[in-house]
Amino acid sequence: MVNWIWLGMIVFSVAFGAANGKLETVAEAAFGGAQTGVTVCLGLISILVFWMGLMKIAENAGLVRQLSKLMSPVVRKLFPDVPPDHPAMGYILSNMSANLLGLGNAATPMGIRAMQELQKLNPDPHVATPAMCTLLALNTASITLVPTTMIAIRMNFGSLHPADIVASTLLATAVSTGAAILADRWYRRRSGPPRIAKPRPDARTPGNSMTVTPPGAGG
Amino acid sequence: MVVEWIARISAWTIPMLIAFIPLYAAFRKVPVYETFIDGAKDGFQTAVSIIPHLVGMMTAIGMFRASGALDALIGSIRPFLESVGVPSQVLPLALLRPITGAGSLAFVSDLIKTEGPDSFAAKVAATIQGSTDTTLYVLTVYFGAIGIRNARYALKVGLFSDFVGFFAAVAACWLLFGSA
C-alpha cells in the first residue's frame, strides 16, 4: 500500500502540476522535500544517539527486563506472539509510557528499539510482523494524556483556559486508539496465525536462553 | 488539578530518567560511560539508515503539496465534511495531519493565531493535532529503521485510526464546548 500511495502522490503531482503550469514548482518541491528529509534526520540524530545510549545503560543494568516483567496483562494481550519476558516488551512499555506522558522526543527512540527487538523475532526481515503492526498502530493513534505542545501554543496566544482541550483530546485519543486496536485485531485475524522466528544467531543479546518454537515457525 | 499534576510528572520524568538510569546501572557495576557510547553508536547508525526512507517520503509529499493536488483533494471532500459539522477552517487538517507533522503543526498554530485560541475552530484543531499522529512519518521512521519493505496492513490501520480520530475530535468538541 505504501508503494501505491507513493507512486500515486508522484504521478498525481506531476499531472496536476502540468495541468496548472506549475511543473517547475513541482520539480523544485521534489528537491526541497529531499532536503527536508535529510534535515529531519539530522534533527533525529541527536535524539536517537542520546536516548539509545541511555537505553543501552538501562538494558545492561537489567531495567528493561524488569520493566517487561512488571508488564500489565493488557500489554501481554496486545502482543500475544511476543514472549512475555522478551526485551521487546520492556521497550514497548517504555514507548507507550513516553507517548502517554507526551514525551515525543523520547518515545521515538524507544519505539525504534522496540521495533529492533521485534525484528529479532521476525522470520522475514523485509516483511512486518503482526506485533510490529500493532506497535505501529498504537503509535500512529498516539495515545496521549497531556497534549503538551498544543497547550503551550494556546498559552502563547493568550488562551483563557489553555488546558481545557485536555478533556476533548483524551476522549478523541481514546476513541482513535480503540479503533486502531480493533482494526489491527481484525487484520491480524484475517492474515492468519502469527509467524515467529527462532531467535536468530545475530541477535544482539548474548546468552539469550529463551527458545521460541511455536507451531508453524518455519525458521 | 489532575491535569497540572500530570503535566508536572511529564516535566519531571526526563530529568529523573537521565539521572536514575546511570545511577542504578553504576550500582549494578555497569561501566556507564562506555555503555552509553556503545548504545549511542547504534543510535547514529539507526538515524543514518532512516535517511533514504524519509527523503523518499518527503519528496513525494513536497511535490504533492506544491502541485496543488492536496488543495484539490481538500476541495473535493469539503461538502462532505461541512455536512457533518466540521468547522470549515479545520478542513485542510484532515489531509495534512497524516502526511506532515511539521506542516499540520504550522497550520494549527496559524489557525489558533487568526481565529483566537479560545474559538471553537481552534479547539477542534488543537484536539485533532493532539489526538492523532503523522502516520506516514511514523511508518517511515519505525519501519525504515529496521528495513521493513512490506508494511502489510499497518498503513491501512494507521490511516483508519486517523480518520476515526479526526471525527472523534470534532464530536468531542461539540460535546464539551458546544457550538461556536
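- Side-chain contact annotation: A/E59 with B/T35, donor-acceptor N/O pair under 3.5 Å absent.
- We find the NZ-NE2 distance between B/K123 and A/H161 to be 8.0 Å, quoted to the nearest 0.5 Å.
- When each of B/A171, B/A169, B/G144, B/G147 is checked for heavy-atom pairs under 4.5 Å with chain A, B/G147 comes out on top.
- In terms of heavy-atom pairs under 4.5 Å with chain B, the best-connected choice from A/G8, A/C41, A/G17, A/P147 is A/C41.
- Note that CE of B/M63 is 13.0 Å distant from NZ of A/K22, once rounded to the nearest 0.5 Å.
- Looking at A/D164, the atoms closer than 4.5 Å to chain B (heavy atoms on both sides) sit in the backbone and in the side chain alike.
- A 4.5 Å side-chain heavy-atom check between A/I153 and B/L105 finds at least one atom pair inside the cut-off.
- Interface remark: B/F64 contributes backbone and side-chain atoms alike to the contact with chain A (heavy atom separation under 4.5 Å).
- With chain A as the partner, the residue from B/I21, B/V138, B/V164, B/L176 showing the most heavy-atom pairs under 4.5 Å is B/I21.
- Under the 4.5 Å side-chain criterion, counting only non-hydrogen atoms from C-beta, B/T46 is in contact with A/Q116.
- Among B/A69, B/A72, B/P98, B/G165, the residue making the largest number of heavy-atom pairs under 4.5 Å with chain A is B/A69.
- At a threshold of 4.5 Å between non-hydrogen side-chain atoms, the residues B/F167 and A/V175 do not count as touching.
- Judged by distance alone, with hydrogens and angles left aside, the side-chain atoms of B/R149 form no donor-acceptor pair with the main-chain N or O of A/H126 at under 3.5 Å.
- Of the listed residues (B/Y24, B/F163, B/F166, B/F20), the one with the most heavy-atom contacts under 4.5 Å to chain A is B/Y24.
- Between the A/W6 side chain and the B/A60 main chain, no donor and acceptor come within less than 3.5 Å of each other.
- Looking at B/F27, neither its backbone nor its side chain comes within 4.5 Å of chain A, counting heavy atoms on both sides.
- Proximity to chain A (any heavy atom under 4.5 Å) is restricted, for B/V108, to the side chain, taken from C-beta onward.
- At a cut-off of 3.5 Å, with distance as the only test, a side-chain donor of A/S168 or B/T127 sits close to an acceptor on the other residue.
- Both the backbone and the side chain of B/S109 come within less than 4.5 Å of a heavy atom of chain A.
- Between A/T108 and B/Y142, the closest side-chain pair of non-hydrogen atoms falls below 4.5 Å.
- Interface residue B/K156: backbone and side-chain heavy atoms are both found under 4.5 Å from chain A.
- B/Y153 and A/Y187 have parallel rings, their planes meeting at less than 30° on a 0 to 90° scale where 60° marks the start of perpendicular.
- At a threshold of 4.5 Å between non-hydrogen side-chain atoms, the residues B/F36 and A/F50 count as touching.
- Counting heavy atoms from C-beta outward, B/F44 and A/I45 have side chains that approach closer than 4.5 Å.
- With rounding to the nearest 0.5 Å, the separation of CG in B/L155 from CH2 in A/W4 is 14.5 Å.
- The most heavy-atom pairs under 4.5 Å with chain A, out of B/I51, B/V55, B/I148, come from B/I148.
- Contact annotation for A/W186: neither backbone nor side-chain heavy atoms come within less than 4.5 Å of a heavy atom of chain B.
- Contact record, A/V49 with B/G43: CG2-C, 4.0 Å, taken as the closest heavy-atom pair.
- The minimum heavy-atom distance linking B/F160 with A/A183 is given by the pair CD2-CB, 3.7 Å.
- Of the inter-residue distances, the one linking A/L136 atom CG with B/F143 atom CZ reads 4.5 Å to the nearest 0.5 angstrom.
- With rounding to the nearest 0.5 Å, the separation of CE in A/M150 from CD1 in B/I112 is 5.5 Å.
- With a 4.5 angstrom heavy-atom cutoff, A/M55 does not touch chain B via any of its atoms.
- Side-chain contact, A/T140 with B/D133: no donor N or O sits under 3.5 Å from an acceptor N or O.
- Between chain B and the residues A/A128, A/S176, A/A29, A/G37, the most heavy-atom pairs under 4.5 angstrom are made by A/A128.
- Distance OG/A/S13 to CD1/B/I61: 10.5 Å, rounded to 0.5 Å.
- Per-residue heavy-atom pair counts under 4.5 Å with chain B were compared for A/L171, A/L160, A/L54, and the maximum is reached by A/L54.
- Residue contact with chain A, scored on non-hydrogen atoms closer than 4.5 Å, involves the side chain of B/D162 exclusively.
- No more than 12 heavy atoms of other residues, nucleotides or ligands lie within 6.0 Å of CD in A/Q35, so this atom counts as exposed by the packing criterion.
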Would B/I50 and A/I112 count as a side-chain contact (heavy atoms from CB on, under 4.5 Å) here? Give the steps.
CA-CA 11 Å; B/I50 299 170; A/I112 289 176; 4.1 Å; yes
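- A heavy-atom distance below 4.5 Å is found between the side chains of B/R152 and A/P130.
- If you tally non-hydrogen atom pairs under 4.5 Å between each of A/T173, A/I57, A/L48 and chain B, the highest count goes to A/I57.
- No side-chain heavy atom of A/I10 sits under 4.5 Å from any side-chain heavy atom of B/T59.
- For chain A, the nearby part of B/L175 is the side chain; its heavy atoms alone come within less than 4.5 Å.
- Comparing A/S46, A/A18, A/A141 by heavy-atom pairs within less than 4.5 Å of chain B, the highest count is held by A/A141.
- Listed options A/V26, A/I47, A/T39 were ranked by heavy-atom pairs under 4.5 angstrom with chain B; first place goes to A/V26.
- Contacts of A/M132 with chain B are made by both backbone and side-chain atoms, with heavy-atom separations under 4.5 Å.
- Of the atoms belonging to A/D184, heavy atoms from both backbone and side chain fall under 4.5 Å from chain B.
- Interface remark: B/Y137 contributes side-chain atoms only to the contact with chain A (heavy atom separation under 4.5 Å).
- Put simply, the side chain of B/D38 never gets that close to the backbone of A/G53: no donor and acceptor are under 3.5 Å apart.
- Counting heavy-atom pairs under 4.5 Å between each of B/S131, B/A47, B/G62 and chain A puts B/S131 at the top.
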